[in-house]
Amino acid sequence: MVETKLQLPKSLDEVPKPRFCHLLGIEPLEAWEIWSFLQAAALFKKQLQPITQSPVPTPSLSGKSLVTLFYEPSTRTRTSFEMAARKLGMGVTHIAVAAASVVKGESLKDTVLTLHALGYDAFVIRHAHSGAPYFVARVLEERSKQTNGKVPSVLNAGDGMHEHPTQALLDLLTMWEVFGRIEGLKVAFVGDILHSRVARSGMWALLKLGAEVRFVGPPTMVPEQFEAFGVRICKTLPEAVDDVDVVYLLRLQLERQQAGLFPSVNEYHRLFGMDLRKLHELCPQALVMHPGPMNRGVEIASDLADSEKARILDQVTNGVAVRMAVLWLLLSEQ
Ligand code: CP
């Protein structure tokens with residue numbers, strides 16, 4: 001059942017724990033599990049307010065340790081995972097892949113087994129290959145069985161073109177804060193859907209919680225198969241953003257482009273980029289979101305990115321509370 005307007009529980013103890021010890025994607029989750037992460041994140045966000053507003057101590061995962069393993073660059077996801085873990089009292093290690101034994105040819109499996117032997121409780125992984133976090137989870141589950149140990153949690157920080165689950169959770173927390181609900185919201189994802197793990201995770205989360213999802217972009221970048229999941233595929237930007245609550249502009253992933261998917265960056269900006277004037281003309285009621293990093297002047301103009309219509313920095317702020325919630329719900333033993 002989709003819940004429309006949830007009461008925030010009084011404490012984290014009242015938030016139901018998800019069924020899994022990993023967060024590999026949004027697709028395998030049920031609606032109540034997504035709500036658990038959002039509710040816990042909202043509670044953590046309250047606790048992060050200045051002490052005068054909420055004199056509640058932050059719960060602790062002290063004694064536990066987290067390793068971040070990023071095979072692709074990141075600013076927001078990595079720093080907010082590390083900040084979240086530190087706020088919970090965890091020990092944090094970052095493996096700089098470019099400076100690790102990976103460059104001597106060590107496989108992902110051996111890297112993970114080595115880190116497991118050092119006793120980490122949680123692995124945050126970003127990888128260019130879709131499915132890499134599933135592989136890591138399997139390796140850890142098999143090794144933990146052999147050693148009779150607890151299975152460490154694997155947290156997907158973005159895998160190829162597949163999923164970026166904590167991004168979807170922080171996006172939904174941002175929408176929930178603004179609108180007080182998720183059910184019935186209309187959200188248009190604009191741009192490079194094909195390469196976007198953000199759009200895929202966002203789509204699953206929004207559909208499971210009863211929102212309407214629309215996709216629009218160059219036809220070569222909007223796979224029609226998404227219609228089968230309940231997404232409305234639109235041909236033009238005006239059709240997609242008509243009457244929406246949120247315009248979600250996606251980063252044009254220039255590093256993942258194959259030749260010929262769109263004529264030119266200028267053409268892309270003209271047809272699918274947004275500036276403040278276009279927003280006022282097509283959907284003056286809508287808020288604008290973007291996962292970052294932005295290509296200013298391509299998918300989003302600076303006048304829009306820096307306007308009060310944009311919630312992009314709120315999304316970043318919410319990343320810390322969401323990642324605290326994820327760590328707490330997956331790792332705490334109460
Ligand atoms: N949104 C996001 O994943 O940003 P980073 O690549 O900076 O982590």
Side-chain angles (χ1 to χ4, degrees), residues 23-27 37-38 41 66-87 92-98 122-133 136 154-175 177 187 189-206 217 246-257 274 287-296 298-300 304-306 310-327:
L23 179 60
L24 301 175
I26 299 291
E27 186 183 1
F37 287 123
L38 296 178
L66 172 109
V67 61
T68 59
L69 197 51
F70 278 68
Y71 286 79
E72 286 189 327
S74 167
T75 299
R76 282 145 282 266
T77 311
R78 185 191 137 192
T79 47
S80 57
F81 257 120
E82 292 181 5
M83 185 180 274
R86 287 201 180 95
K87 282 183 187 292
V92 178
T93 306
H94 171 63
I95 303 292
V97 170
F123 289 63
V124 175
I125 176 160
R126 169 171 289 188
H127 203 284
H129 289 162
S130 301
V136 170
V154 179
L155 311 167
N156 181 357
D159 62 327
M161 293 154 54
H162 178 229
E163 283 228 38
H164 191 348
T166 53
Q167 179 71 44
L169 294 174
L170 70 88
D171 292 338
L172 264 71
L173 178 62
T174 308
M175 294 179 205
E177 281 177 344
V187 181
F189 287 87
V190 180
D192 184 1
I193 310 285
L194 177 66
H195 296 102
S196 181
R197 53 199 180 203
V198 171
R200 280 173 181 74
S201 287
M203 170 195 82
W204 287 121
L206 288 163
V246 178
V247 178
Y248 198 113
L249 298 171
L250 295 167
R251 184 171 74 86
L252 183 59
Q253 299 192 35
L254 295 162
E255 75 279 17
R256 291 192 219 270
Q257 300 302 328
M274 273 273 197
L287 293 178
V288 173
M289 295 173 67
H290 188 297
M294 292 182 275
N295 296 306
R296 286 178 183 252
V298 181
E299 68 268 1
I300 187 164
L304 180 55
D306 298 330
R311 294 289 162 148
I312 299 162
L313 295 176
D314 295 337
Q315 291 171 259
V316 175
T317 303
N318 283 342
V320 177
V322 156
R323 288 166 180 128
M324 287 175 83
V326 169
L327 290 169

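Just follow the structure's listing: the first ligand is 1, and inside any ligand the first atom is 1.
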Which residue owns the protein heavy atom closest to atom 6 (O) of ligand 1, what's the atom, and how far is it?
-> Arg126 NH1, 2.9 Å
Pair Asp306 + Arg296: basic N to acidic O under 4.0 Å | yes
Per-atom filter on ligand 1: closer than 4.0 angstrom to a heavy atom of Thr75 are 5 (P), 7 (O), 8 (O)
What residue and heavy atom of the protein are closest to atom 2 (C) of ligand 1, and at what distance?
-> Thr77 OG1, 3.5 Å
At a 4.0 Å cut-off, with the gap strictly under it, does some heavy atom of Glu72 reach an atom of ligand 1?
-> no
Distance-only N or O hit between ligand 1 and Arg78, under 3.5 Å | no
Which residue holds the protein heavy atom closest to atom 4 (O) of ligand 1, what is that atom called, and what is the gap in Å?
-> Arg76 NE, 3.0 Å
With no hydrogens and no angle check, is any side-chain donor or acceptor of Arg200 less than 3.5 Å from a backbone partner on Glu27?
-> no
Does Glu82 pair with Arg76 as a salt bridge, N-O distance under 4.0 Å?
-> no
Any cation-pi pair here, Arg323 with Phe81, using under 6.0 Å and within 45°?
-> yes
Identify, by atom number and element, the atoms of ligand 1 in contact range of Gly292, meaning under 4.0 Å from any of its heavy atoms.
-> 1 (N), 2 (C), 4 (O)
Would you say Gln253's side chain and His195's backbone share a donor-acceptor pair under 3.5 angstrom?
-> yes
Check whether any side-chain N or O of Asp159 sits under 3.5 Å from a backbone N or O of Pro133 as a donor-acceptor pair, and report yes or no.
-> no
May I ask you to check whether Pro293 has an N/O atom sitting below 3.5 Å from an N/O atom of ligand 1?
-> no
